[in-house]
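Numbers for residues simply follow the sequence, beginning at 1.
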Amino acid sequence: MAFGGRLNRFLFVLALLPMVLVAAIISRSGVNVPYGDEWSLLSLFGKWESHQLTFADLFAEHNGHRILIPRLIYLALIQLTHGNTKAEMFFSLFLCILISAGLFVLLRRTVRGSTAKQLALWAFINLFLFSPIQAENWLWGFQLQIFLSNLCLVGAIVCVTSDATRFVRIAGTLAFGLAGTFSFGNGLLIWPVILFLLVCRREKVLFLAAWIGVAALVVLAYLPGYQGHDAVRPVISWFDYPLYFFGFLGAPLARIPNSQPLTLPVIIGSILVAAFLGIAVQLARRRAGLWNAAPWLALGAYVIGSAVMATTARSHLGPEHALDSRYTTVSVILLVSLVGLVASVMSRERTPATPVPENTTVLASALVGSLLTLYAINAPSEFDYIRMSHDFRARGKSALQFSAVLDVDQMLRATLLIREDPATLSRYLSVLDRLQLSDPPRRQTLALSDADNQSHRASDDYGVFESLQFEGPDALVASGWSYLPDDGRRPACVILAHRGGGDWQAFALSELTERRPDLVTKHNSRGFAERGWRYNFSRSVLPAGAGEISAWAFDANCGLTYRLPGSFRLQR
């Protein structure tokens, strides 16, 4: 297939732009630090390095999922990249690019018309498939398992609907089905989805029975030691079930912060489900064109089944939990399936002698406009989330680097979502140190030095330490502003240090920021609005000989410190 013609090349480039946007988001806002469930991978890698890793470790259940294949990928990436978690984020992007390629193959097979038309549909699908609304998954490498499951679904559909020999089709479909099942819990739905496609293809009854038998064996292999049912809890009100279900499906278009966050997602989710079921019923009644639309029906059925599974397992957490960014990577596929479904049905019914009715064109334009409008409305809040996520995890990385020499346990746990007990956390940290997986390594000293070799900086290149005041006999508050000129961001944290005649010794990390409208006016830039910092502490945390306090901007990505101008002596 060649993309000849200026229009086709333009549409092809347009379809790639959402991928470039996600790559830029990961590059700028991804933080190379273990986060949440990624900490458990350190234990696996430690066992791998010491040749103690077993199949049971890889097959073990994780939050109701068998993530055997993702665990193998995690271990390989840790080995290849020396623990750089941004590699996992980019791998998620790579998986989504493969998903997009598979969807384009389905568009080529099911939507009649010019290459330009298919490319335009592909570009429209990619806008949502690579949307910033999935920011939590783009910036959390551990979530590659969801992208992998989606890829296995699309790959299985591409295989089963191909014109290859039966052996090639079934071998490929089985491989994707097995990989999807042992990548994410929702992968179990691949088996009934493919069964539906086999029925639409009018395969022999004996063959269908064989497929059901293989699926049953896979489920039996999945169950030993499975405890996922223990996570299911009753809800407070039965009405939480439909709210969670429809909110889950409508979230990709409606994660807009407001006082009633569930209203719009539930409405949109209801509309999407009604549209999908309405088209599916009409196709089932007429039979004509069912096989052509079947791949898109299979995609939508997978997402609706996933919503049922999530509702059953998670609705006890409250219906607003369905709006979490991490779930939109699954639910956005319903929107994708509807785009492909409508396009395949319309292209099937239209012939060169039968132009598209004007009212159909108007309706399609209105729907496209509505989707683009919702996308545009959601985008600003998602970019705010991306910024906050970066700042949050960068503070966690700062705490991690000082965790060997300062008591930052609370800050470390809160910012990096560490729930393990102290002994387990200690083992994780020892693996980081022993295998040198932390970049930069954890600090083993409190001594600070300026990265620019300026012992007394006079300019405000990195900000200013403005004041140190007593708010009581033993209570002090330090304040100022700071930023990193290389990228224009505020530092992950400001380090406070003391000395009594020798080197500067760190004693606290300030993570409290405050708005500074005066800086906006002074520097004529809104970027200075969030660069203020403040830290309250007790004089009792300082050693007896401490006589002077200084503040340092900290670049967590490279572990460098920059002394801010200004220092204050403590009264004896």
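Residues Lys47 and Glu49 form no side-chain contact, since every pair of their non-hydrogen atoms from C-beta on lies 4.5 Å or further apart. Between Val477 and Arg534, the closest side-chain pair of non-hydrogen atoms falls below 4.5 Å. In this structure the side chain of Thr521 never reaches within 4.5 angstrom of the side chain of Phe528, judged on heavy atoms. The closest side-chain heavy-atom distance from Phe130 to Ile97 is below 4.5 Å. At least one side-chain heavy atom of Leu429 sits less than 4.5 Å from a side-chain heavy atom of Trp39. Side-chain contact between Ile333 and Leu129 is present, with at least one heavy-atom pair separated by less than 4.5 Å. Two residues are said to be in side-chain contact when any heavy atoms from C-beta on lie closer than 4.5 Å; Ser540 and Asp474 meet this criterion. Counting only heavy atoms from C-beta outward, the side chains of Ser92 and Glu88 never approach each other to under 4.5 Å.
Side-chain contact, Ser398 with Arg395: no donor N or O sits under 3.5 Å from an acceptor N or O. Side-chain contact annotation: Ser467 with Ser479, donor-acceptor N/O pair under 3.5 Å present. Defined by atom type and a distance below 3.5 Å, a donor-acceptor pair is present between the side-chain atoms of Tyr74 and Gln145. Thr329 and Gln134 are linked by a side-chain donor-acceptor pair at a separation below 3.5 angstrom, with hydrogens and angles left out of the test. Side chains of Asn186 and Ser306: a donor on one and an acceptor on the other come within 3.5 Å. With hydrogens and angles left out, the side-chain atoms of Asp57 and Thr54 include a donor and acceptor closer than 3.5 Å. Between the side chains of Ser100 and Trp122, at least one donor-acceptor pair of N or O atoms lies under 3.5 Å.
Here the straight-line distance linking atom CG of Leu564 with atom CG of Asp460 works out to 10.0 Å at 0.5 Å rounding. Here the NZ-OG1 distance, from Lys86 to Thr81, works out to 12.0 Å after rounding to the nearest 0.5 Å. The distance from the CZ atom of Phe142 to the CD atom of Glu136 is 12.5 Å, given to the nearest 0.5 Å. Atoms CG and OG, from Leu151 and Ser149 in turn, are 9.0 Å apart once rounded to the nearest 0.5 Å. In this structure, Leu264 CG and Arg255 CZ are separated by 12.5 Å, a value rounded to the nearest 0.5 Å. The CZ atom of Phe248 sits 10.5 Å away from atom CZ of Arg314, with the distance rounded to the nearest 0.5 Å.
The residues Asp452 and Arg457 are annotated as salt-bridged, a charged nitrogen and a carboxylate oxygen being separated by less than 4.0 angstrom. Salt-bridge check for Glu530 with Arg515: passed, with a basic side-chain N closer than 4.0 Å to an acidic carboxylate O.
Other residues, nucleotides and ligands place no more than 12 heavy atoms under 6.0 Å from the CZ atom of Phe10. For CD of Gln436, the number of neighbouring non-hydrogen atoms (other residues, nucleotides, ligands) closer than 6.0 Å is 12 at most. By the 6.0 Å contact criterion, CG on Asn524 is open, its count of non-hydrogen atoms from other residues, nucleotides or ligands being 12 or less.
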Worked check of side-chain contact (heavy atoms from CB on, under 4.5 Å) between Ile386 and Trp138: CA-CA 10 Å; Ile386 290 169; Trp138 295 130; over 6 Å; no

Candidate pair Thr424 and Asp421, rule side-chain hydrogen bond (donor to acceptor under 3.5 Å, both in side chains), full reasoning: CA-CA 5 Å; Thr424 303; Asp421 59 79; 3.0 Å; yes

Intermediate values then yes/no, side-chain contact (heavy atoms from CB on, under 4.5 Å), Asp503 and Leu448: CA-CA 7 Å; Asp503 294 332; Leu448 301 180; over 6 Å; no

Stepwise side-chain contact (heavy atoms from CB on, under 4.5 Å) test for Phe470 and Arg539: CA-CA 9 Å; Phe470 280 89; Arg539 185 167 184 169; 3.7 Å; yes

Criterion side-chain contact (heavy atoms from CB on, under 4.5 Å) on Ile73 and Phe91, from CA distance to verdict: CA-CA 9 Å; Ile73 295 173; Phe91 194 80; 3.7 Å; yes

Audit row: His523, Tyr483, ring pair (Phe, Tyr, Trp, His ring centres under 6.0 Å) steps and yes/no: CA-CA 13 Å; His523 295 274; Tyr483 77 112; 7.7 Å; no

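Counting only distance, with no hydrogens or angles, the side chain of Asn137 and the backbone of Arg326 share a donor-acceptor pair below 3.5 Å. The main-chain N or O of Ala15 is found under 3.5 Å from a side-chain atom of Asn126 such that the two form a donor-acceptor pair. Arg393 contributes no side-chain N or O that, together with a main-chain N or O of Met388, makes up a donor-acceptor pair within less than 3.5 Å. Side chain of Asn32 to main chain of Thr85: a donor-acceptor pair is present (N/O by atom type, distance under 3.5 Å, no hydrogens or angles). With hydrogens and angles ignored, the 3.5 Å screen pairs a side-chain donor or acceptor of Ser183 with a backbone N or O of Ala179. Remark: the backbone N or O of Phe128 is paired with a side-chain donor or acceptor of Ser131 at under 3.5 angstrom. Formation of a donor-acceptor pair under 3.5 Å by the Ser43 side chain with backbone atoms of Ser40 is not found in this model. Asn258 contributes a side-chain N or O that, together with a main-chain N or O of Ile256, makes up a donor-acceptor pair within less than 3.5 Å.
With sequence neighbours left out, Pro265 forms a side-chain contact (heavy atoms from CB on, under 4.5 Å) with Ala254, Leu323. Partners of Asp384 under the salt bridge (Lys or Arg N to Asp or Glu O under 4.0 Å) rule, at least two apart in sequence or in another chain, do not exist in this structure.
Phe147 and Phe94 have their aromatic ring centers separated by at least 6.0 angstrom. Ring-centre distance between Trp533 and Phe465: below the 6.0 Å cut-off. Centroid-to-centroid, the aromatic rings of Tyr385 and His390 stay 6.0 Å apart or farther.
Checked against Ile495 for a side-chain contact (heavy atoms from CB on, under 4.5 Å), the options Tyr535, Phe507, Trp552 give a single hit: Trp552.
Ring geometry, Trp48 versus Phe45: the interplanar angle exceeds 60°, so the pair is classed perpendicular (tilted spans 30 to 60°). In this pair, Trp140 and Tyr35 present their aromatic rings perpendicular. The plane angle is above 60°, beyond the 30 to 60° band.
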Please tabulate, for side-chain N and O atoms in residues 400-419, each donor-acceptor pair with protein atoms closer than 3.5 Å (sequence neighbours left out).
from	atom 1	to	atom 2	distance (Å)
Gln401	NE2	Ala556	O	2.7
Ser403	OG	Leu400	O	2.6
Ser403	OG	Arg442	NH1	2.8
Asp409	OD1	Arg413	NE	3.3
Asp409	OD2	Arg413	NE	3.1
Arg413	NH1	Ile418	O	3.4
Arg413	NH1	Glu420	O	2.5
Arg413	NH2	Glu420	O	2.9
Thr415	OG1	Met411	O	2.7

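Shown here for Leu476 and Ser538, the closest heavy-atom pair between the two residues is CD1-C, 4.4 Å.
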